[in-house]
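See below for the structure under consideration.
Start at 1 with the first residue, then count along the sequence.
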Amino acid sequence: MDRRDILKTLGLATVGTALLPFGNLAKAATSGFGANENGSLPSRRKLGKSLEVSSIGLGVQNMSRTYQTTIPNRKEMHRIIQKAFDSGVTLFDTAEAYGPFECEKILGEATSSFRDKIVIETKYGWNIDQETGKRLPGLNSKPEHIKLVVEGILKRLKTDRIDLLYQHRVDPEVPIEDVVGAIQDLIKEGKVLYYGLSEPGVETVRRAHKIHPVTAIQNEYSLLWRGPEKKIIPLCEELGIGFVPWSPLGVGFLTGAIDENTRFAQGDIRGNETRFSPENIQQNLKLVKVLKDWSVKKEATPAQISLAWLLHQKPWIVPIPGTTQMSNMLDNIGADKIKFSDAEFKEFNTQIDAVKIEGERLPPFVQQFSDVEAPLKK
């Protein structure tokens, strides 16, 4: 389930009115970077000790249903995924909860002809009935459930192994030692190659890593929300764990697609995020103004500047921007070509640090699932 569906699972209705079309995205002046003219991503990065992936991945979360609640054309989603691969993308991100199940199916359908040339990462951990797809309350990382979920994932992805499997959220009722034990069993069976954690508590990461090395951590991270800089990114550096930012474009905000006149569709979670509320958005748009100014200076788009900033942070950070538009996908991977000099990066950081972001990234009843520590094993 994506974040919209999490709200439904909790029995809470989202609010908002119709989202205006994304018609006014800032465009690069003359760059051509969006076209990624040489047809490939020149750089590769490592997650953990040995998992090599493209410097920018592709998230397929919204390919079964967009934030605006529309249903994308399935064949077009296949084309976007295939074009991403043709352009050098080797990391594709999904989860059993997206749909549920549908995004894994879309990815499996699109990648069957080049499955052995890519890295697929997916996630388990929400309490989803594996027969019906019904979203049940809360989380479920019981070892027997994990193994059942993996069997379904393999079928939906049309593959015999999961390259990188994340616990989507830490289950407060299951010791992480039991979770990693189940993952180790799956690794021995060849059904999982590497594993990771999403939005975890720091001590849970340490405990997991002692049992079996964690390859990557997923957290929301972007110019709009920089929380992982406090504890998670230093932890990754200390332990040699890769970092995969989800929502690296601030759910569209950092592209220039949202402004003070934007109204959100019913069911669009962004309508519930106070960082986009009328009383906060004007302040937060100052960040977009900085991005637009730098997009002119660097002959790029605001999205490319945002992603290039992430890439410049650490050599083991690999963002996974999602999209349902071919042009946006090509624009995003073009960020690999945007480079900052040391002086430029210092100047850029000075400007963005001067902008205080107002509002919270998630409603409290969703935020409660992040930074959770697993119970101690008795």
Side-chain angles (χ1 to χ4, degrees), residues 36 38-64 72 74-99 101-124 150 152-166 168 186-187 190-196 198 215-218 242-246 248 307 310-311 315-326 328-336:
N36 202 19
N38 72 354
S40 65
L41 284 170
S43 63
R44 294 289 183 268
R45 296 187 166 206
K46 281 187 179 179
L47 297 175
K49 300 299 183 184
S50 59
L51 183 57
E52 186 174 271
V53 296
S54 53
S55 57
I56 298 174
L58 176 65
V60 304
Q61 174 180 341
N62 288 340
M63 287 190 172
S64 67
R74 202 176 188 93
K75 289 185 178 180
E76 179 60 16
M77 299 306 99
H78 293 164
R79 284 192 285 269
I80 291 171
I81 291 168
Q82 290 160 358
K83 180 62 175 178
F85 170 70
D86 290 341
S87 300
V89 174
T90 64
L91 179 65
F92 295 84
D93 178 85
T94 186
E96 62 148 352
Y98 302 159
F101 304 159
E102 281 306 305
C103 287
E104 287 179 329
K105 292 178 182 177
I106 290 169
L107 185 59
E109 292 161 1
T111 59
S112 60
S113 65
F114 49 85
R115 170 64 186 96
D116 292 338
K117 299 179 180 180
I118 61 173
V119 170
I120 291 178
E121 57 179 30
T122 189
K123 313 172 199 74
Y124 65 90
V150 164
I153 287 174
L154 292 173
K155 291 177 182 177
R156 292 189 292 272
L157 289 174
K158 300 180 182 295
T159 187
D160 61 353
R161 83 281 184 193
I162 300 163
D163 298 300
L164 177 52
L165 180 66
Y166 295 91
H168 211 152
L186 292 164
I187 290 173
K191 295 177 180 178
V192 171
L193 303 186
Y194 301 90
Y195 86 108
S198 179
T215 293
I217 290 177
Q218 277 201 17
F243 187 75
V244 178
W246 62 265
L307 294 170
L310 285 171
L311 293 174
W316 34 264
I317 289 179
V318 180
I320 47 169
T323 185
T324 58
Q325 303 295 321
M326 181 74 77
N328 290 345
M329 182 275 292
L330 292 171
D331 183 77
N332 290 341
I333 63 177
D336 185 75

Query raised in the report: With under 30° as parallel and over 60° as perpendicular, where do the rings of Tyr98 and His168 fit, or are they tilted in between?
Result: perpendicular
Report task. State, without any angle test, whether Thr122 and Glu96 hold a side-chain donor-acceptor pair at a distance under 3.5 Å. Result -> no
Query raised in the report: Just by modelled atom types, is the Thr90 backbone N or O under 3.5 Å from a matching donor or acceptor in the Ser54 side chain?
Result: yes
**Report entry** Smallest separation among heavy atoms of Ile153 and Glu104, with atom names
**Finding:** CG1-OE2, 3.3 Å
Query raised in the report: Between Glu102 and Arg156, is there a salt bridge with N-O shorter than 4.0 Å?
Result: no
Report task. Under the ring pair (Phe, Tyr, Trp, His ring centres under 6.0 Å) rule, collect the residues that match up with Phe243, sequence neighbours excluded. Result -> Tyr221
Query raised in the report: Under 4.5 Å between any side-chain heavy atoms of Pro321 and Ile56, yes or no?
Result: yes
**Report entry** Full working for side chain to side chain contact (heavy atoms under 4.5 Å, CB included) between Arg115 and Ile120
**Finding:** CA-CA 9 Å; Arg115 170 64 186 96; Ile120 291 178; 3.7 Å; yes
Requested in this report: Answer yes or no: is there a donor N or O on one side and an acceptor on the other, between the side chain of Gln218 and the main chain of Tyr166, under 3.5 Å?
Outcome: no
Query raised in the report: What do the steps show when you test Thr215 against Leu164 for side chain to side chain contact (heavy atoms under 4.5 Å, CB included), and what is the final call?
Result: CA-CA 8 Å; Thr215 293; Leu164 177 52; 4.1 Å; yes
Query raised in the report: Just by modelled atom types, is the Leu311 backbone N or O under 3.5 Å from a matching donor or acceptor in the Arg45 side chain?
Result: yes
Requested in this report: Please check if any side-chain donor atom of Asp336 sits under 3.5 Å from a side-chain acceptor atom of Ser55, or the reverse.
Outcome: yes
Query raised in the report: Can you list the residues that meet the salt bridge (charged side-chain N to carboxylate O under 4.0 Å, His left out) rule with Lys191, with sequence neighbours excluded?
Result: Glu151, Glu189
Query raised in the report: Is the shortest distance from a Lys or Arg side-chain nitrogen in Asp160 or Lys155 to a carboxylate oxygen in the other one below 4.0 Å?
Result: no
